[in-house]
Amino acid sequence: MTFNTALDSIKIYEAGLPIELAVRKYGIAEYEVVKLASNENPLGASPKAIDAIMKVAQNAHLYPDDSMYVLKESLAKHFNVTSNTLIIGAGSDQIIEFCIHAKANHTSKVLMAKTTFAMYEIYAKSVGAQVIRTSSHEHNLQEFLEAYKAYKPAIIFLCIPNNPLGECLDSKETFEFLKQVDSNCLVIIDGAYQEYAKAKDSNKALNPKALMEAFPNVIYTGTFSKAYGLGGMRVGYGIANVKIIQALSKLRPPFNITTPSLAAAVVALEDTEHLQRSIENNLEQMPLFENFAREKGFKFTPSYTNFITYYLEYPLDSTEVAEYLFKKGMIIRNLASYGLNAIRITIGTHVQNEKFFALFNTYLKQK
Ligand SMILES: *Cc1c(COP(=O)(O)O)cnc(C)c1O
């Protein structure tokens, strides 16, 4: 059988390895496995969100509310926008997919940073669009502007802060850049880690309402998978001008968010204490990772997220390091698939982090 030739150049997305694999493959007890690979919240979900999930279990036979009235009202209040400027996706991944399908085709170009979230390329290529990357690994808006003028892309992706490197554009420079982009170019601002970035430095805070009001061609995407601790529930959102939201809504499959997910997201958004605890843990623990890197001589970019990326140098090899740690029940992210000899570690609880330092130290000593 032949398939859509657009798929030929797509490499399957490499997700963070699941805990179950370490259990199955190496017989490690489940409770001993530590997963610092997918930027999940190490404190777990809000206990109140877990209660909300349990409560709606009895409605499992009913389709969810496809209007998503309650979650949209909550998000609208949270961001001080009207609910017709919101769209909800099964993770913000799905919003990104809607954007690509609404705007791009095989004649389009899609511009992004050299090293950024892998799903942008996968979705762009799925419609046969051409991917253009800046030459710097990290976001450099001067390079973005030059590439924008040279290639006239249909879509620009800005990941603020950027996964998997951790750097973060200032909100001011982002606004200055957007002023120079034509209103027919869709700019997707991926704010998956904004909760962490703005807690660390208010200059990094992006206001979706201000973005939307200033730029009719910009969509801001956010997610409940990271700081809100609901990665397993798959809820994300987009905030944009009504016209963008209407176009994307044509592509949204009915009932794309399950009833437990809707209930959990509403409660998680209200539980500001849990969010605060999560952000504080991150701010407290991040310096330990920076110190460890300095001690060992690893280069890293100061991170505005809940992960840190260590660049390794020969003879250290990221694939070997990740495999060694995996066998010891410590799951981290090997960035070899991004073409980098680097590892990305999610900031865990203090106990989890100490375990990581101890295991990695043992490895480094025997090297
Ligand atoms: C995790 C992540 C997402 C989306 O995750 P969902 O679980 O689909 O909401 C989007 N962008 C970046 C950069 C991410 O790291």
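Given the structure is predicted, the values throughout are model-derived calculations rather than measurements.
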Taking atom types as modelled, is there a side-chain donor on [X] or [Y] under 3.5 Å from an acceptor on the other?
X      : Y      : value
Lys226 : Tyr193 : yes
Asn39  : Thr346 : yes
Asn163 : Arg344 : yes
Ser303 : Thr305 : yes
Thr301 : Glu138 : yes

Apply side chain to side chain contact (heavy atoms under 4.5 Å, CB included) to residues Glu146 and Gln142 and explain how you reach the verdict. CA-CA 6 Å; Glu146 283 159 19; Gln142 193 52 42; 3.5 Å; yes
Centre-to-centre under 6.0 Å for Phe177 and Tyr148, is that the case here? no
Where is the tightest heavy-atom contact between [X] and [Y], given as atom of each residue plus distance?
X      : Y      : answer
Ile279 : Ala199 : CG2-CB, 3.3 Å
Gly89  : Asn256 : CA-ND2, 3.8 Å
Glu176 : Gln180 : O-NE2, 3.2 Å
Pro42  : Asn281 : CG-ND2, 3.8 Å
Phe98  : Arg252 : CZ-CA, 3.5 Å
His137 : Ala113 : O-CB, 3.9 Å

Inspect the surroundings of [atom1] in [X] and state if more than 12 heavy atoms from other residues, nucleotides or ligands are less than 6.0 Å away.
X      : atom1 : answer
Ile12  : CD1   : no
Gln366 : CD    : yes
Glu295 : CD    : yes
Lys200 : NZ    : yes
Lys299 : NZ    : no
Lys172 : NZ    : no

Listed pairs under 3.5 Å, donor-acceptor, residues 117-131 side chains, sequence neighbours left out:
unit_1	atom_1	unit_2	atom_2	d
Tyr120	OH	Asp190	OD2	2.7
Glu121	OE1	Arg133	NH2	2.4
Glu121	OE2	Lys125	NZ	2.8
Lys125	NZ	Ser9	O	3.2
Ser126	OG	Tyr123	O	2.6

Excluding sequence neighbours, so at least two apart, what forms ring pair (Phe, Tyr, Trp, His ring centres under 6.0 Å) with [X]?
X      : answer
Tyr69  : none
Phe224 : Tyr228, Tyr237
Tyr314 : none

Under a 3.5 Å distance rule, please check whether [X] uses its side chain to pair with a backbone N or O of [Y] as donor and acceptor.
X      : Y      : result
Ser92  : Ile95  : no
Gln194 : Ile160 : yes
Asn217 : Asn184 : no
Ser261 : Ile257 : no
Asn140 : Glu143 : yes
Lys209 : Asn80  : yes
Asn353 : Thr349 : yes
Thr85  : Thr82  : yes
Asp65  : Thr259 : no
Lys355 : Glu32  : yes

Drop me the distance from [X]'s [atom1] to [Y]'s [atom2], to the nearest 0.5 angstrom.
X      : Y      : atom1 : atom2 : value
Cys159 : His139 : SG    : NE2   : 5.5 Å
Ile19  : Tyr31  : CD1   : OH    : 14.0 Å
Thr223 : Met233 : OG1   : CE    : 12.5 Å
Leu141 : Asp170 : CG    : CG    : 9.5 Å
Asn4   : Ile10  : CG    : CD1   : 8.0 Å
Arg333 : Thr309 : CZ    : OG1   : 10.0 Å

Within a strict 4.5 Å, meaning less than it, do heavy atoms of the [X] and [Y] side chains meet?
X      : Y      : answer
Ile155 : Ile188 : yes
Leu169 : Leu206 : no
Asn341 : Glu313 : no
Thr174 : Ser171 : no
Val110 : Pro153 : no
Leu211 : Ile219 : no
Leu335 : Thr115 : no
Asn291 : Arg294 : yes

Leu288: which of Met286, Gln285, Glu284 passes side-chain contact (heavy atoms from CB on, under 4.5 Å): Gln285
Which residue is it: Phe300, Tyr311, Phe307? I am looking for the one with a side-chain contact (heavy atoms from CB on, under 4.5 Å) to Leu165. Tyr311
Would a single hydrophobic cluster contain both Ile345 and Leu316, if residues Ile, Leu, Val, Met, Phe, Trp and Tyr are joined by side-chain heavy-atom contacts under 4.5 Å? yes
Transitive ILVMFWY side-chain link Leu230 to Phe79, under 4.5 Å: yes
Carboxylate-amine/guanidinium contact Glu323 Lys327, below 4.0 Å: no
Which atom pairs, donor and acceptor, lie under 3.5 Å between side-chain atoms of residues 357-365 and protein residues at least two apart or in another chain?
unit_1	atom_1	unit_2	atom_2	d
Asn361	OD1	Lys296	NZ	2.8
Thr362	OG1	Ala358	O	2.8
Tyr363	OH	Glu320	OE1	2.9

Sequence neighbours left out, what passes salt bridge (charged side-chain N to carboxylate O under 4.0 Å, His left out) with Lys103? Give chain and number order. none
Do Lys204's NZ or CZ and the ring of Tyr304 fall within the cation-pi criteria of under 6.0 Å and 45°? yes
Report yes or no: is the cationic atom of Lys109 (NZ for Lys, CZ for Arg) under 6.0 Å from the centre of the six-membered ring of Tyr151, at an angle within 45° of the ring normal? no
